[in-house]
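Have a look at the structure below, then the notes.
Just so it is clear, the model here is predicted, and its values are computed rather than measured. Proteins get letters first, then strands, A, B, ... in listed order; numbering begins at 1 in each.
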Amino acid sequence: MRIATWNVNSVKAHLESVTTWLQQAKPDVVCLQEIKCEDHAFPVAHFEELGYSSLVHGQKTYNGVALLSKLPMEDVQRGLPGDATDEQARFIAATVIDGTNAVRVCGLYLPNGNPAPGPKYDYKLAWIERLKAFAKSELLKEEAFVLAGDYNVIPNPEDARNPQNWTTDALFLPQTRQSFRELLALGLTESFRALYPSKIEYSFWDYQAGAWPKNNGIRIDHLLLSPQAADRLVSAEIHKDVRGHEKPSDHVPVLIELQ
DNA sequence: ATGCCATCCAATGGATGA
């Protein structure tokens, strides 16, 4: 099963790039973030024509997440548990069935958190705590699951071209990185880094200041695996070429294959 | 390094992103 995550920075604005990539990469499941539209405006019929069914947790203008799948999906969950007052659409999960195999796929868009310190950073840290609680309860089931999305976390200095530029940024503050490590320490495997301990690759390049031509990128899109999913991990790829599309998202797809 | 670019909504500017 090929599972991808991609922050598309508006599904409508970048539908051409998304379509091109789906046709080339042919993933089975895709977690989309920042779709920036409400459920009714999501291009369900368009993706249906490409062979994908859609599950959407949308929001006007900001945020919004969705799952695309060639395989059947069931048991949909919208919104991260732990705060009934949270109205931001940042989490959607479903169980993907591939014959006798099942994988719980959770797509997430973790808050940016800037400026830090401040209420936005507090929200980010609280959101990570909720994600840890969610992961902890899922791990008790001893089943295969994937937490895939835009984490807005640069895990380590080698995950940024210019780490010195990020020292006071919410994506790289010590407390951010510690919270991310605590999430991993529950028993999750970060797919890309687990397979390639010293590979330098990025998943985001700012639109500004020639970040892309200078390769001034950061790696903030991750797929975390439960032990039962990690046992099945075959490969991980970051599809950097997509950043060179005409009218691209500022993020590129990250894709794994599970046996 | 301070949003230099891009998106959205709505109105020719503001909020947001990382």
Atom-to-atom span, CD of Q208(A) to P of dT7(B) - whole angstrom: 13 Å
Sugar-phosphate, base or nothing in reach of D150(A), heavy atoms under 4.0 Å: sugar-phosphate
Flag if over 12 foreign heavy atoms under 6.0 Å of CD, E16(A): no
Gap in Å between the two P atoms, one belonging to dA1(B) and one to dT16(B), rounded: 24 Å
Base-pairing string, 5' to 3', of DNA chain B - Watson-Crick or wobble, under 3.5 Å, | interstrand: ....(((((...))))).
Neighbour count >12 (heavy atoms, 6.0 Å) for atom CD, E87(A): no
First of F204(A) and Y207(A) reached from the 5' end of DNA chain B, by closest nucleotide: Y207(A)
Set of residues satisfying salt bridge (charged side-chain N to carboxylate O under 4.0 Å, His left out) with respect to D83(A), sequence neighbours excluded: none
Position toward the 5' end of DNA chain B (nearest nucleotide), P115(A) or G210(A): G210(A)
E34(A) CD - dC5(B) P separation (whole Å): 19 Å
Please enumerate all protein N or O atoms sitting under 3.5 Å from an N or O of nucleotides 8-13 of chain B, with distances to 0.1 Å.
{"unit_1": "dC8(B)", "atom_1": "OP1", "unit_2": "S10(A)", "atom_2": "OG", "d": "2.4"}

Qualifying salt bridge (charged side-chain N to carboxylate O under 4.0 Å, His left out) pairs with a residue from residues 197-225 of chain A, counting only residues at least two apart or across chains: D159(A)-R219(A), E190(A)-R219(A), K199(A)-E201(A)
Sugar-phosphate, base or nothing in reach of N152(A), heavy atoms under 4.0 Å: sugar-phosphate
Salt bridge (charged side-chain N to carboxylate O under 4.0 Å, His left out) against E158(A), all qualifying residues, sequence neighbours excluded: none
Closest listed nucleotide, where the reference is the side chain of H14(A) and the choices are dG17(B), dG3(B), dA6(B): dA6(B)
Interatomic distance, W205(A) CH2 vs dG17(B) P [rounded to whole Å]: 21 Å
Partner of I154(A) by side-chain contact (heavy atoms from CB on, under 4.5 Å), out of D169(A), I218(A), T176(A): I218(A)
Touch class at under 4.0 angstrom, heavy-atom based, for Y109(A) against every strand present: sugar-phosphate
Sugar-phosphate, base or nothing in reach of I218(A), heavy atoms under 4.0 Å: sugar-phosphate
Touch class at under 4.0 angstrom, heavy-atom based, for N7(A) against every strand present: sugar-phosphate
Interatomic distance, E246(A) CD vs dA6(B) P [rounded to whole Å]: 12 Å
Separation between the P atoms of dA15(B) and dA11(B), rounded to whole Å: 13 Å
Candidate nucleotides dG17(B), dC4(B), dT7(B), ranked by approach to the side chain of K247(A) - the nearest: dT7(B)
ring-ring contact (aromatic ring centres under 6.0 Å, His included) involving Y207(A) - partner list, sequence neighbours excluded: none
Intermediate values then yes/no, side-chain contact (heavy atoms from CB on, under 4.5 Å), K124(A) and L171(A): CA-CA 10 Å; K124(A) 176 177 194 157; L171(A) 279 66; 4.2 Å; yes
Between dA15(B) (P) and Q59(A) (CD): distance, integer Å: 17 Å
Whether R243(A) side chain and V252(A) backbone form a donor-acceptor pair below 3.5 Å: no
Touch class at under 4.0 angstrom, heavy-atom based, for K124(A) against every strand present: nothing
Rounded distance in Å between the C1' positions of dT12(B) and dT2(B): 24 Å
Note, V242(A) side chain near S17(A) side chain (heavy atom, < 4.5 Å): yes
